[in-house]
2 protein chains.
Amino acid sequence: MTQARTVNADQMKAAIAEAGLRPTRPRAALIDQMAAWATAGTDFTCEELWHSAQASAPWIGRSTTFRTVELLADLGFLDRVTFADGSERYHVVQPGSHHHHLTCEMCHRVVEIDICLPAEVLETVQRSSGFALTGHRLELFGRCSDCQRHTVPVIDSVDAE
Amino acid sequence: MTQARTVNADQMKAAIAEAGLRPTRPRAALIDQMAAWATAGTDFTCEELWHSAQASAPWIGRSTTFRTVELLADLGFLDRVTFADGSERYHVVQPGSHHHHLTCEMCHRVVEIDICLPAEVLETVQRSSGFALTGHRLELFGRCSDCQRHTVPVIDSVDAE
DNA sequence: ACAAAGATGATACTCAGTATCAATAGCCGA
DNA sequence: TCGGCTATTGATACTGAGTATCATCTTTGT
């Protein structure tokens with residue numbers, strides 16, 4: 001797997017400035033929290049971000065949290081990651097990098113992986129279906145090494161959920 | 001692409017009987033509607049199913065619709081399909097078949113495809129990440145041949161959304 | 001026909017996210 | 001520095017999808 005270098009708060013703030021948007025206090029506070037989580041490899045929901053940010057900035061509104069997350073997602077800093085149980089959470093990533101996610105179904109750890117569908121497979125699909133492919137989404141589920149150690153080993157199957 | 005033969009109402013009803021569950025009128029009505037959609041290749045949400053079923057069976061409750069969809073999903077007859085815009089809908093499939101979905105981002109057409117990640121790719125991920133893989137989810141997005149005809153051609157890119 | 005268990009439908013509720021809008025805070029030019 | 005323009009904010013109310021509850025009604029096995 002590839003450990004992408006962690007996105008920091010300044011990168012996100014700079015991107016906001018470059019987009020001609022304003023560097024406001026709420027945005028800064030939320031970005032700082034997200035960047036901290038990014039370093040720790042922690043994913044989050046908007047609700048969690050809001051609650052967490054309120055510890056240091058109780059004046060931040062819920063709407064602003066949703067708006068800021070949407071903004072950062074549009075700027076490419078946040079990916080929506082799907083977990084094995086179907087839940088979806090946000091994860092900070094390097095914008096523009098093409099990768100997919102491998103998530104631990106026990107501890108929710110997220111690992112970015114840079115493997116992808118081979119181009120010839122995509123071309124085969126394109127030819128046989130008549131579709132013009134514009135994108136795809138791949139999520140891998142499993143148990144991380146720590147969680148394997150603490151529980152019964154899973155059957156060595158690689159089928160879809 | 002592989003056009004899986006369409007699941008019919010009787011198969012679903014038989015599966016319910018085999019599971020030791022009861023063949024009730026609401027279940028039959030909902031299954032008939034889903035089977036009709038399956039033949040037409042139409043996907044749906046619970047809400048849509050409910051409204052549609054009410055045309056012929058106005059006594060069916062909303063809760064029952066959700067319960068029946070969940071039941072059929074558990075029995076493997078329904079897949080949750082993700083579309084390019086992030087929305088999720090149900091789609092009737094042959095239970096037990098391992099496949100993925102290619103969806104048209106314009107008309108929401110769903111095509112089942114039987115291509116998958118090559119085993120060696122999965123093994124590489126497994127080795128390098130230390131994860132024990134247990135499943136995956138792959139969604140392909142594009143424009144179907146009909147929608148390509150009616151609009152400007154898309155850039156021939158195959159990157160993720 | 002009868003009782004036990006399964007299934008139903010009405011209702012109320014939760015939860016995540018959205019819409020609205022008056023008030024506020026950055027920005028820019030004078 | 002001032003003033004005004006506009007982006008942004010936070011409070012509030014709302015929506016839509018899905019869940020919990022529970023009295024009532026069906027199936028089913030006897």
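Order of the sequence lines sets the chain letters (A, B, ...), proteins ahead of strands, with each chain counted from 1.
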Tyr90(A) OH to dG17(C) C1', in whole Å, measures 10 Å
Do Arg67(A) and dG17(C) share a donor-acceptor pair, side chain to base, under 3.5 Å? no
Leu21(B) CG - dG29(D) P separation (whole Å): 13 Å
For the pair made of CD in Gln54(A) and C1' in dA11(D), what is the distance, rounded to whole Å? 13 Å
From dG9(C), dA5(C), dA7(D), nucleotide with atom closest to Arg22(A) side chain: dA7(D)
Rounded to whole angstroms, how far apart are CZ on Phe66(A) and P on dG17(C)? 5 Å
For dA20(D) and Ser63(B) - does any side-chain N or O of the residue sit under 4.0 Å from the phosphate oxygens OP1/OP2? no
Honestly curious: do Leu71(B) and Val93(B) fall in one hydrophobic cluster under the side-chain, below-4.5 Å linking rule? no
Rounded to whole angstroms, how far apart are CD1 on Ile60(A) and P on dT8(D)? 15 Å
Rounding to a whole Å, what distance do you find between Trp59(A):CH2 and dT9(D):P? 10 Å
Compute the centroid of each ring, for His98(B) and then for His136(B), and state whether the two points are separated by less than 6.0 Å. yes
Looking at Asp32(A) and Lys13(A), is any side-chain nitrogen of the basic one under 4.0 Å from a carboxylate oxygen of the acidic one? yes
Does Arg80(A) place a side-chain N or O at less than 4.0 Å from the phosphate oxygens OP1/OP2 of dG17(C)? yes
Glu70(B) CD to dG18(D) C1', straight-line distance once rounded to whole Å: 10 Å
By nearest-heavy-atom nucleotide on DNA chain D, the more 5' of Pro23(B) and Pro26(A) is Pro26(A)
Do you see a donor-acceptor pair shorter than 3.5 Å between the side chains of His99(A) and Ser97(A)? yes
Would you indicate, yes or no, if dT8(D) has its OP1 or OP2 atom less than 4.0 angstrom from a side-chain nitrogen or oxygen of Arg27(A)? yes
Leu78(A) CG - dG17(C) P separation (whole Å): 13 Å
When you match Thr24(B) and Glu47(B) each to their closest nucleotide on DNA chain D, which lands nearer the 5' end? Glu47(B)
Among dT26(D), dG9(C), dG17(C), which nucleotide sits nearest the side chain of Cys46(A)? dG17(C)
Between Arg137(A) and Glu139(B), is the closest basic N to carboxylate O distance under 4.0 Å? no
Using only side-chain N and O atoms of Arg62(B), determine if any of them is under 4.0 Å from OP1 or OP2 of dA12(C). no
If only side-chain N and O atoms of Thr45(A) are considered, is one of them under 4.0 Å from the OP1 or OP2 phosphate oxygen of dA16(C)? no
